[in-house]
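For clarity, every value in this text was computed on a predicted model and none was experimentally measured.
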Amino acid sequence: MILTNTDTFGEELVADAHLLPSAAVGQKTGDAIKKYISSTRNPTAKIGPGTTKLGVQPSPVVAAFSSRGPNPVTPAILKPDIIAPGVNILAGWTAAVGPTGLQSDPRHVNFNIISGTSMSCPHVSGLAAIVKAAHPEWSPAAIKSALMTTAYTAYKTGQKIEDVATGGPATPFDYGAGHADPVAALDPGLVYDATIDDYLGFLCALNYTPNQIKSTTHRDFTCQTSKMYTLGDFNYPSFSVPLETASGRRGGADSSSIIKYTRTLTNVGAPATYKVSLHSQTQAVKMSVEPETLSFKAQYEKKSYTVTFKTSSMPSGTTSFARLEWSDGKHIVGSPIAFSWT
């Protein structure tokens with residue numbers, strides 16, 4: 001069997017197990033095969049020896065099937081968080097089912113090649129375990145922050161990570177903070193830490209009732225009516241800024257609004273002074289950070305800063321991206337920023 005991709009998966013090849021001898025080809029090759037078959041009365045093909053290609057570039061690339069943003073449930077939280085290897089992963093396999101997973105497959109194998117979040121998730125879980133082993137006192141939020149703020153979004157050539165689905169550069173709605181970097185995550189410099197109280201405040205910002213909070217956290221908690229809970233101040237390593245398109249001609253382009261997000265950084269390295277830098281793709285949002293410099297004199301010292309977004313209205317469905325980085329000359333603590341107008 002020759003299995004050809006449609007335009008949904010393009011040239012991405014996924015090594016699926018089949019019940020009969022099969023070859024998977026990309027859309028372009030598939031189109032060429034179909035053209036050849038229809039051009040002759042006796043089309044023929046032969047099976048050649050398999051080969052292994054090394055140093056394939058560009059690599060890594062975002063899989064066509066990879067989950068994408070924006071976050072439809074809580075737009076103020078950027079998703080995905082991060083990407084990791086999840087395509088054609090060779091790993092141990094249970095003997096309880098055949099490699100296809102079908103009941104009609106009687107074969108038993110010790111190893112299989114599969115793809116999906118079920119493969120990228122254990123990669124990230126393993127990286128989290130490595131970070132935890134190196135820093136046993138760190139919280140889950142600190143470990144997550146270390147993985148996200150040290151992730152990379154470009155190749156060594158400087159080009160952005162490619163999205164196989166489009167063939168063009170990927171965005172934070174494709175890779176989140178970027179591709180996991182195991183070595184860099186061990187020494188992030190700064191982390192965005194969060195406690196249980198921060199997550200309870202997050203639920204309060206979502207207007208959860210005491211019963212809903214208890215069903216989620218298994219604890220009794222009532223949001224304080226005198227306290228202002230905001231999703232924008234949840235101490236997350238990335239930023240998502242959902243915006244409303246103003247009514248009027250050109251999407252109300254002349255109208256503007258000001259939004260402020262506050263974050264707190266914890267120093268997990270040596271004493272250092274960090275300076276902020278901003279990089280944006282759009283002129284529709286003016287950004288500023290106060291303060292622009294954070295000086296840490298001790299390990300685990302905390303410092304807060306506020307990002308101000310002065311936004312102009314854009315047509316509904318418009319998205320754009322920016323990036324915020326803190327650096328002491330040794331570490332780069334990076335956070336993606338996503339803007340969405342609806």
Novice: Starting at OG of S280, measure out to CZ of F321 and round the result to the nearest 0.5 Å.
Specialist: 11.0 Å
Novice: Check whether V87 and I89 end up in the same hydrophobic cluster, where Ile, Leu, Val, Met, Phe, Trp and Tyr are linked by side-chain heavy atoms less than 4.5 Å apart.
Specialist: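 No, separate clusters.
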Novice: Regarding K260 and D233, does a basic nitrogen lie under 4.0 Å from an acidic carboxylate oxygen?
Specialist: no
Novice: Just checking, is any N or O donor in the side chain of T311 or S257 under 3.5 Å from an acceptor N or O on the other one?
Specialist: yes
Novice: A177 and P336: which non-hydrogen atoms are nearest, and at how many Å?
Specialist: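 For A177 and P336, the tightest heavy-atom pair comes out as CA-CG, 3.8 Å.
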Novice: Can you get from I337 to W326 by hopping between Ile, Leu, Val, Met, Phe, Trp and Tyr side chains that sit under 4.5 Å apart?
Specialist: yes
Novice: When rounded to the nearest 0.5 angstrom, what distance separates CG in L127 from CG in D181?
Specialist: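 Nearest 0.5 Å value for the CG-CG distance: 9.0 Å.
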Novice: Quick test of your reading of the model: are R68 and D163 salt-bridged, counting only N-O distances below 4.0 Å?
Specialist: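 Salt bridge flag = yes for D163 with R68.
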Novice: Can a donor-acceptor pair be found between the side chains of S256 and S312 at a distance below 3.5 Å?
Specialist: no
Novice: Checking D198 against T195: is there a side-chain donor and acceptor pair closer than 3.5 Å?
Specialist: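 Per modelled atom types, T195 and D198 side chains form a pair under 3.5 Å.
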Novice: Is it the case that more than 12 heavy atoms not belonging to I33 sit under 6.0 Å from its CD1 atom?
Specialist: yes
Novice: Assess whether atom CZ of F296 is packed by more than 12 heavy atoms of other residues, nucleotides or ligands within 6.0 Å.
Specialist: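 Counting neighbours around CZ of F296, more than 12 heavy atoms of other residues, nucleotides or ligands fall under 6.0 Å, so yes.
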Novice: Checking side chain to side chain donor-acceptor pair (under 3.5 Å) for the pair S335/S238: CA distance, chi angles, key distance, verdict?
Specialist: CA-CA 5 Å; S335 295; S238 59; over 6 Å; no
Novice: State whether the side chain of T318 and the backbone N or O of M314 hold a donor-acceptor pair below 3.5 Å, judged by distance alone.
Specialist: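 No, T318 side chain to M314 backbone: no donor-acceptor pair under 3.5 Å.
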Novice: Is there a path of hydrophobic side-chain contacts, each under 4.5 Å between heavy atoms of I, L, V, M, F, W or Y residues, that connects I83 with F173?
Specialist: no
Novice: Could you tell me which residues satisfy side chain to side chain donor-acceptor pair (under 3.5 Å) with Q283, sequence neighbours excluded, listed by chain and number?
Specialist: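 Only K286 meet the side chain to side chain donor-acceptor pair (under 3.5 Å) criterion with Q283.
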Novice: Just verifying a value: how many Å separate D174 CG and T166 OG1, rounded to the nearest 0.5 Å?
Specialist: 7.0 Å
Novice: If you take all heavy atoms of S320 and Q281, which pair is closest and at what distance?
Specialist: OG-CB, 3.8 Å
Novice: Kindly state whether the ring of Y229 and the ring of F202 have centres lying under 6.0 angstrom apart.
Specialist: no
Novice: Taking K132 for its side chain and P136 for its backbone only, find out whether a donor-acceptor pair lies under 3.5 Å.
Specialist: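 Confirmed, K132 side chain pairs with P136 backbone.
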Novice: Could you tell me whether a side-chain N or O of T74 sits under 3.5 Å from a main-chain N or O of A76, the two making a donor and an acceptor?
Specialist: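 Absent.
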Novice: K303: which residues meet the salt bridge (Lys or Arg N to Asp or Glu O under 4.0 Å) condition with it, sequence neighbours left out?
Specialist: E301
Novice: Which heavy-atom pair separates A298 from N267 by the least distance, and what is that distance?
Specialist: O-ND2, 3.1 Å
Novice: Say whether, by atom type as modelled, one donor and one acceptor occur between the side chain of H331 and the main chain of P188 under 3.5 angstrom.
Specialist: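 No, H331 side chain to P188 backbone: no donor-acceptor pair under 3.5 Å.
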Novice: Nearest 0.5 Å please: distance from the NZ atom of K310 over to the CD1 atom of I258.
Specialist: 6.0 Å
Novice: Do NZ/NE/NH1/NH2 and the carboxylate oxygens of E162 and K160 come within less than 4.0 Å?
Specialist: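 Salt bridge absent between E162 and K160.
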Novice: For the residue pair Y36 and N42, what are the closest heavy atoms and their distance?
Specialist: OH-O, 4.4 Å
Novice: Identify the two heavy atoms, one from E325 and one from G334, that lie closest to each other, and give their separation to 0.1 Å.
Specialist: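 Distance-wise, the nearest heavy atoms are CG-CA, 4.0 Å.
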Novice: Please check: side-chain N/O of H135 versus main-chain N/O of L186, any donor-acceptor pairing under 3.5 Å?
Specialist: yes
Novice: For the residue pair Y305 and F239, does the interplanar ring angle fall in the parallel (under 30°), tilted (30 to 60°) or perpendicular (over 60°) class?
Specialist: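 The arrangement is tilted - the two ring planes meet at 30° to 60°.
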Novice: Side chain of S125, backbone of C121: donor and acceptor closer than 3.5 Å?
Specialist: yes
Novice: Does a donor on one side chain and an acceptor on the other come within less than 3.5 Å for S316 and T245?
Specialist: no
Novice: Heavy-atom count around E11 CD within 6.0 Å, excluding the residue itself: above 12?
Specialist: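 Yes - once you tally the heavy atoms of other residues, nucleotides and ligands closer than 6.0 Å, there are more than 12.
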Novice: Taking the side chain from S115 and the backbone from N88, do they hold a donor-acceptor pair closer than 3.5 Å?
Specialist: yes
Novice: Taking atom CD of Q212 as the centre, does the number of heavy atoms from other residues, nucleotides or ligands within less than 6.0 Å exceed 12?
Specialist: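 Counting neighbours around CD of Q212, more than 12 heavy atoms of other residues, nucleotides or ligands fall under 6.0 Å, so yes.
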Novice: Determine whether I82 and L190 fall in the same hydrophobic cluster, where Ile, Leu, Val, Met, Phe, Trp and Tyr are linked whenever their side-chain heavy atoms lie under 4.5 Å apart.
Specialist: no
Novice: Without hydrogens or angle criteria, can the side chains of Y199 and N235 be said to hold a donor-acceptor pair below 3.5 Å?
Specialist: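 Y199 vs N235: no donor-acceptor pair found between side chains.
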Novice: Does atom CE of M1 have more than 12 heavy-atom neighbours from other groups under 6.0 Å away?
Specialist: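 Check passes, neighbour count above 12.
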Novice: Using the side-chain contact (heavy atoms from CB on, under 4.5 Å) rule, pick out the option among T222, L200, L206 that qualifies with I213.
Specialist: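 Output: one option passes, namely L200.
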Novice: Nearest 0.5 Å, what's the CG-OH distance between L231 and Y261?
Specialist: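 Atom-to-atom, L231:CG and Y261:OH are 7.5 Å apart.
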Novice: Do S139 and D193 have side-chain atoms, one donor and one acceptor, less than 3.5 Å apart?
Specialist: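 Present: a donor and an acceptor within the cut-off.
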Novice: Within the 3.5 Å criterion, strictly below it, is a donor on Y236 or K144 matched to an acceptor on the partner's side chain?
Specialist: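 On atom types as modelled, these side chains qualify, holding a pair under 3.5 Å.
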Novice: Is the backbone of V307 close enough, under 3.5 Å, to the side chain of R263 for a donor and an acceptor to pair up by distance?
Specialist: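 Side chain of R263 to backbone of V307, a donor-acceptor pair under 3.5 Å: no, none is there.
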Novice: Does a sphere of radius 6.0 Å around CG in L90 hold more than 12 heavy atoms from other residues, nucleotides or ligands, not counting ones at 6.0 Å or beyond?
Specialist: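 Counting neighbours around CG of L90, more than 12 heavy atoms of other residues, nucleotides or ligands fall under 6.0 Å, so yes.
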Novice: How about E137: does its CD atom have over 12 heavy atoms from other parts shown lying under 6.0 Å from it?
Specialist: yes
Novice: Quick one: do W93 and L102 end up in the same hydrophobic cluster if we chain Ile, Leu, Val, Met, Phe, Trp and Tyr together by side-chain heavy atoms under 4.5 Å apart?
Specialist: no
Novice: Does the side chain of T306 pick up a donor-acceptor pair with the side chain of T262 at under 3.5 Å?
Specialist: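 Looking only at side-chain atoms, T262 and T306 do form a donor-acceptor pair, the distance falling under 3.5 Å.
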Novice: What are the two closest heavy atoms between P60 and I161, and how far apart are they?
Specialist: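 So the minimum-distance heavy-atom pair works out to O-CG2, 3.8 Å.
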Novice: Regarding R107 and D105, does a basic nitrogen lie under 4.0 Å from an acidic carboxylate oxygen?
Specialist: yes
Novice: Is the side chain of S22 donor-acceptor paired with the backbone N or O of H18 at a distance under 3.5 Å, no angle test?
Specialist: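 Not confirmed, S22 side chain does not pair with H18 backbone.
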Novice: Please check: side-chain N/O of H123 versus main-chain N/O of M119, any donor-acceptor pairing under 3.5 Å?
Specialist: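 At least one qualifying donor-acceptor pair exists.
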Novice: At what distance, to the nearest 0.5 angstrom, does CD of Q57 lie from CD of Q159?
Specialist: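 Between atom CD of Q57 and atom CD of Q159 there are 10.5 Å.
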